[in-house]
Amino acid sequence: MIDFSMLAVQPVLGLTPYQPGKPIEALARELGLDPAKIVKLASNENPLGPSPRALAAMDAALGETARYPDGSGFALKGELARRLGTAPERITLGNGSNDVLDLVARVFLGPGRSAVFSEHAFAVYPIATQAVGAEARVAPAHDGRRGPRYGHDLGAMLDRVADDTTVVFVANPNNPTGTYVTAKELEDFLVALPERVIAVVDEAYFEYVERDDYPDAVAWLDRFPNLIVTRTFSKAYGLAGLRVGYAVSHPQVAELLNRVRQPFNVNHLALAAAVAALDDGEHLERTRRLNREGLRQLESAFQRLGLDYIPSIGNFVTVDVGREAGPVFDALLRQGVIVRPVANYGLPNHLRVSVGTKAENDAFIAALERVLGGL
Ligand SMILES: *Cc1c(COP(=O)(O)O)cnc(C)c1O
């Protein structure tokens, strides 16, 4: 038989597929467990689920699913623009914000070009970069002396920018570290960055952040025309399964992104749900409160257990289990708890845990204590 990898384009041969969190159904099948008893804290999903208004909007939209969705996303873009105080022409919708990151790579990266991002940064940046044949220039993360350990070192990232660099990716906060760069740090970075380099600031967890020194990069779009800010409905809005995210950028950048966008990349139900989700401030507030309490709950459990963790401003926290994390992850699975190993991020002794409901967090903590006690 023909070896089909001989037919693949060169950049694809160096890629490894993105490893998603293990689905509940898969674990239930493998271990013969009751799916209802499994706790999944592996993909930074909202434990409260979507807003009831989003569910109602989807219900109402079901009858229209024989028709193609509005490829221009008119209503959602209009609503986002209104709320962000910007123009619809600056918004690009994506099938999740990962789709938008991919559009950026396809427009601004390719063979003979490079992208800069940090060590321990979100896994989609290397995939998007390499898939189009561009080079990844990875900057070392902070070692803890001049910034949060494992966090982006924007100075080091600036140093990695080369003549052929056309994109830098800044995750703020970063996943899986939960670390962030301050407004002052990001502003200095954008001032120093050559205008010919596109700065992608990935704010997937924006709605969760409660820090005064955290920047709202959308407010800087006029000052920095080379800035692209990405956000998503997957995290705080609880719509991960629908796949809808967006970029806000200079209108000319948005127009370029739209040239390579699949015409109907955001589906009809997602468009309807996203508009309705924006309108439910109460649900968002409930989500934030639960997350604040859950983060505190997890962090105090780690302190009690003597485990180091990376302080997080997202809806997850990454903990050093003090040994190779793979066996701890496996043992947790056998207890019916799914978290996320992060060895592929250069963190072999860490596990990333999403913040769940109080009961889910309790179940995870109890399972972790049993597992660590038994090793
Ligand atoms: C979850 C996440 C995303 C969002 O992915 P979607 O495609 O919008 O679901 C983007 N960036 C980071 C850093 C994330 O953790």
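Start at 1 and go down the list; that is how both ligands and their atoms are numbered. Values in this document were obtained by computation on a predicted structure and should not be read as measured data.
Only side-chain heavy atoms of Asp202 come within less than 4.0 Å of ligand 1; its backbone N, CA, C and O stay farther off. Under 4.0 angstrom from ligand 1, the non-hydrogen atoms of Ala204 all belong to its side chain. Contact annotation: for Tyr205 versus ligand 1, heavy atoms closer than 4.0 Å belong to the side chain alone.
Inclusion of Thr232 in the set of residues having an N or O under 3.5 Å from an N or O of ligand 1 is warranted. For ligand 1, the polar-atom distance check finds an N/O of Asn98 within less than 3.5 Å of one of the ligand's N/O atoms. Ligand 1 has no nitrogen or oxygen under 3.5 angstrom from a nitrogen or oxygen of Asn95.
The environment of Asp163 atom CG is sparse: at most 12 non-hydrogen atoms of other residues, nucleotides or ligands sit within 6.0 angstrom.
Side-chain contact annotation: Arg261 with Asn258, donor-acceptor N/O pair under 3.5 Å present. Side-chain contact annotation: Asn175 with Arg352, donor-acceptor N/O pair under 3.5 Å present. Side-chain contact check for Tyr150 and Glu119: no donor-acceptor pair (N or O, by modelled atom type) lies under 3.5 Å. If you check the side chains of Gln297 and Asn361, you find a donor sitting under 3.5 Å from an acceptor.
Taking a cut-off of under 4.0 Å to the non-hydrogen atoms of Gly96, the atoms of ligand 1 that pass are 6 (P), 7 (O), 8 (O). Per-residue contacts place Lys235 under 4.0 angstrom from the following atoms of ligand 1 (heavy atoms of the residue considered): 1 (C), 2 (C), 3 (C), 4 (C), 14 (C), 15 (O). Every atom of ligand 1 with a heavy atom of Asn175 under 4.0 Å away is listed here by number and element: 13 (C), 14 (C), 15 (O). Near Arg243, meaning under 4.0 Å from any of its heavy atoms, are these atoms of ligand 1: 6 (P), 7 (O), 9 (O).
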Would you list the atom pairs, donor with acceptor, under 3.5 Å between side chains in residues 320-333 and any protein atom, with sequence neighbours excluded?
residue	atom	partner	partner atom	Å
Asp320	OD1	Gly322	N	2.8
Arg323	NE	Val321	O	3.1

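Residue contact check for ligand 1: Ser234 places a non-hydrogen atom closer than 4.0 Å to it.
Rounding to the nearest 0.5 Å places CD of Gln262 at 8.5 Å from CG of Asp99.
Annotation: Tyr180 is not in aromatic contact with Tyr205 [ring centroid separation under 6.0 Å not met].
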